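Here the structure comes first, spelled out in structure tokens, and everything after it is commentary.
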Amino acid sequence: MIYAVTLTYRRPVEDINPHLDTHRDWLVALGHTGHLIAAGPLEDGSGGVVLLHCRDQEEVADLLSRDSFHVHQLVDYGTRAFLPKLRAEDFSERWAVDAKAIASRSS
């Protein structure tokens with residue numbers, strides 16, 4: 001299952017910045033375990049989005065509890081699960097086993 005996790009800053013960016021390195025380390029660790037699909041900041045600077053591949057909501061909650069942003073109560077999390085039914089051909093099948101691959105057309 002894929003989970004879209006939104007992170008909304010609860011504190012000013014000055015309080016967030018000292019924790020960015022440990023937050024990134026957490027994200028890298030998620031990449032090494034195969035949970036991280038993608039992550040990045042929101043364009044408006046109000047937080048970020050993390051796409052995770054997890055077996056269930058409990059696993060997501062466990063992973064989020066290890067984030068320094070959670071430990072220091074810097075963000076509010078919103079989590080939505082979805083089952084992909086269509087995917088770009090080059091999107092890994094392991095994250096979307098039951099999704100039909102759609103090839104892109106070159107112009």
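Just so it is clear, the structure is predicted and the values come from calculations on it, not from any experiment. Any value given below was found using the heavy atoms of this structure, including those in side chains, with hydrogens, waters and symmetry copies removed.
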Inset, instruction - List for me each residue that meets side chain to side chain contact (heavy atoms under 4.5 Å, CB included) alongside S68, sequence neighbours excluded, and say none if there are none. - result: H19, T22, H23, H72
Legend entry - Between CG on residue L63 and CG on residue L27, distance to nearest 0.5 Å: 11.0 Å
Legend entry - For P18, side chain to side chain contact (heavy atoms under 4.5 Å, CB included) partners two or more places apart: none
Inset, instruction - Report yes if some heavy atom in the side chain of H35 is under 4.5 Å from a heavy atom in the side chain of C54; otherwise report no. - result: yes
Inset, instruction - Applying side chain to side chain contact (heavy atoms under 4.5 Å, CB included), name anything that partners S92, two or more places apart in sequence or on another chain. - result: R94, W95
Inset, instruction - Following the transitive rule for hydrophobic clusters with a side-chain heavy-atom cut-off under 4.5 Å over Ile, Leu, Val, Met, Phe, Trp and Tyr, establish whether L42 and L36 coincide in one cluster. - result: no
Legend entry - Neighbour count above 12 (heavy atom, 6.0 Å) for N17 CG: yes
Expected list for residues 73-84: side-chain donor-acceptor pairs under 3.5 angstrom, two or more places apart:
unit_1: D76; atom_1: OD1; unit_2: R10; atom_2: NE; d: 3.4
unit_1: Y77; atom_1: OH; unit_2: D67; atom_2: OD2; d: 2.8
unit_1: Y77; atom_1: OH; unit_2: H70; atom_2: N; d: 3.4

Legend entry - Shared hydrophobic cluster, V60 / I2 (ILVMFWY, side-chain heavy atoms < 4.5 Å): no
Legend entry - Sub-4.5 Å side-chain heavy-atom contact between F69 and L64: no
Legend entry - Within one Ile-Leu-Val-Met-Phe-Trp-Tyr cluster: L51 and F91, side-chain cutoff 4.5 Å: yes
Inset, instruction - Return each pair, listed once, that meets salt bridge (Lys or Arg N to Asp or Glu O under 4.0 Å) where at least one residue sits in residues 29-57; pairs must be two or more places apart or across chains. - result: R55-E59
Inset, instruction - List for me each residue that meets side chain to side chain donor-acceptor pair (under 3.5 Å) alongside D21, sequence neighbours excluded, and say none if there are none. - result: R24
